[in-house]
Amino acid sequence: MYSVSNATAVPIAGHGAPQAQEGRVQTVPGPVADADERTRDRVLSAVLEHGPVSAAELGDMLGFTPAAVRRHLDHLSRAGIIEVKRVARAGAGAGRPARRYVLSSEGQSSLGNDYLDIAALALQQLQKAAGPDAVRAFAVERFADMERRYAPEIDKAGPDIADRARALAEALSRDNFVASAASIEAKAPLPAALSSVQLCQGHCPIQQLAARFPVFCDVETEVFSRLVGVDVRRLSTLARGGHVCTTHIPTGRLSAPGPTRPSAAPASLNEVTNHQQERP
């Protein structure tokens with residue numbers, strides 16, 4: 001988790017702070033600064049988990065006044081850790097889009113990207129020496145461990161697709177993907193078969209790697225499909241500039257079939273991928 005502790009600095013004379021009197025040193029009281037840092041970390045965690053989210057919603061979640069929340073949001077924005085997304089208000093016509101806060105690319109990167117540059121270089125060399133199928137085989141092997149670990153837990157959730165999707169979100173969150181599953185019920189006159197679960201991941205530990213090698217996202221999507229027991233569709237990814245990774249899981253099928261999880265066959269990176277269907 002990114003900590004904003006280093007972003008809290010004592011103002012320097014000549015940079016927006018009052019001039020210190022000669023012979024005296026201006027300091028920020030330790031307890032006050034520490035309290036601000038802890039509060040800011042809570043705000044940042046809430047943005048990571050619930051973004052895109054408004055200042056008012058954050059205040060309700062955390063029990064802060066709107067002024068207090070905005071003060072911390074402004075600080076995080078100036079530090080480049082979060083950014084504002086303009087989101088059209090549902091049913092509000094052509095009114096002004098609402099301000100929603102999400103983690104910036106810099107904020108995502110700060111959450112943990114150790115060794116990604118080395119890994120990317122190694123994969124580039126692998127692709128050059130053995131071709132794109134070798135990179136896909138590497139991705140399949142990486143996600144095979146995830147599938148093996150998650151499968152027993154998701155199978156315990158039973159045959160209901162929505163229950164399995166929620167179990168998948170819980171497993172992903174433990175692995176630092178900050179996942180959530182929201183049910184979307186189709187209401188008349190729409191057929192019930194259009195109901196779905198939107199599985200969102202607020203953080204991707206290999207985001208920069210996946211941006212260079214989209215096959216990682218493709219293989220992950222295939223694993224999700226096998227785990228929940230229904231064909232799924234990736235709508236957006238952090239690696240492609242989305243503010244979250246979103247997977248559409250149809251729940252019109254009331255139950256999943258028995259677990260059959262064949263190994264994914266290698267395929268060329270030149271084929272059409274899920275990413276070409278994404279919405280930013």
Side-chain angles (χ1 to χ4, degrees), residues 48-52 85 87 102-103 105 108 111 116 120 123 132-133 135-147 149-151 154 161-173 175-184 186 193-253 256 261-280:
L48 170 62
E49 183 173 357
H50 300 286
K85 293 282 186 182
V87 179
V102 298
L103 239 62
S105 297
Q108 288 285 345
L111 290 175
L116 287 186
L123 287 175
D133 286 351
V135 177
R136 180 179 175 87
F138 179 88
V140 167
E141 180 61 29
R142 180 191 184 278
F143 283 104
D145 176 67
M146 170 191 282
E147 188 169 0
R149 290 187 294 110
Y150 289 4
I154 294 172
I161 299 297
D163 289 341
R164 296 173 74 86
R166 285 189 283 270
L168 175 57
E170 292 174 5
L172 286 166
S173 290
D175 280 349
N176 199 30
F177 287 91
V178 194
S180 63
S183 294
I184 301 176
L194 294 182
S195 296
S196 65
V197 168
Q198 298 289 297
L199 175 69
C200 295
Q201 298 158 254
H203 174 53
C204 176
I206 60 167
Q207 178 182 343
Q208 293 182 358
L209 196 63
R212 301 185 194 183
F213 300 94
V215 69
F216 280 87
C217 297
D218 295 336
V219 172
E220 182 186 61
T221 305
E222 294 164 8
V223 168
F224 288 176
S225 182
R226 291 195 294 271
L227 286 171
V228 299
V230 68
D231 288 338
V232 306
R233 180 174 178 177
R234 184 59 62 82
L235 300 180
S236 67
T237 62
L238 288 159
R240 299 281 291 186
H243 51 74
V244 292
C245 294
T246 304
T247 304
H248 174 83
I249 303 175
T251 56
R253 286 173 56 185
R261 301 186 177 90
S263 298
S268 171
L269 289 180
N270 294 325
E271 67 185 7
V272 177
T273 71
N274 285 324
H275 300 287
Q276 292 173 313
Q277 301 172 344
E278 288 181 6
R279 297 185 302 211

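Just so you know, these numbers come straight off a predicted model, no measurement behind them.
By the 4.5 Å heavy-atom criterion applied to side chains, R233 and T247 are not counted as neighbours. Side-chain atoms of Q201 and F177, non-hydrogen and from C-beta on, do get closer than 4.5 Å to each other. When side chains are defined from C-beta on, I161 does not count as touching V197, because their heavy atoms never get closer than 4.5 Å. Contact annotation: the side chain of V223 never approaches that of E220 to less than 4.5 Å [non-hydrogen atoms, C-beta and beyond]. By the 4.5 Å heavy-atom criterion applied to side chains, V230 and I249 are counted as neighbours. At a threshold of 4.5 Å between non-hydrogen side-chain atoms, the residues R136 and F213 do not count as touching. Counting only heavy atoms from C-beta outward, the side chains of L227 and E147 approach each other to under 4.5 Å.
By the side-chain hydrogen bond (donor to acceptor under 3.5 Å, both in side chains) test, T246 pairs with S236, sequence neighbours left out. Partners of R149 according to the side-chain hydrogen bond (donor to acceptor under 3.5 Å, both in side chains) rule, which considers only residues two or more places apart in sequence or in another chain, are D145, D175. In terms of the side-chain hydrogen bond (donor to acceptor under 3.5 Å, both in side chains) criterion, S196 has no residue partners (sequence neighbours excluded). S173 pairs by the side-chain hydrogen bond (donor to acceptor under 3.5 Å, both in side chains) definition with nothing, not counting sequence neighbours. A211 is linked by a side chain to side chain contact (heavy atoms under 4.5 Å, CB included) to A239, counting only residues two or more places apart in sequence or in another chain.
Between C245 and L238, the shortest heavy-atom contact is SG-N, 3.3 Å. Scanning all heavy atoms of the two residues, the minimum distance from A210 to F216 falls at CB-CB, 4.4 Å. Considering all non-hydrogen atoms of both residues, A169 and S180 come closest at CB-C, 3.9 Å.
Between the CZ atom in R164 and the OG1 atom in T251 there is a gap of 13.5 Å [rounded to 0.5 Å]. A distance of 10.0 Å separates CZ of F138 from CZ of F143, quoted to the nearest 0.5 Å. Remark: D231 CG to H248 NE2 distance equals 11.0 Å, nearest 0.5 Å. Rounding to the nearest 0.5 angstrom, the gap separating the SG atom in C200 from the CG atom in L172 is 11.5 Å. Residue L199 holds its CG atom at 10.0 Å from OG1 of T221, rounded to the nearest 0.5 Å. Taken to the nearest 0.5 Å, the SG atom of C217 stands 9.0 Å off from the CD atom of Q207.
Taking a cutoff of 4.0 Å between a charged side-chain nitrogen and a carboxylate oxygen, R166 and D163 qualify as a salt bridge.
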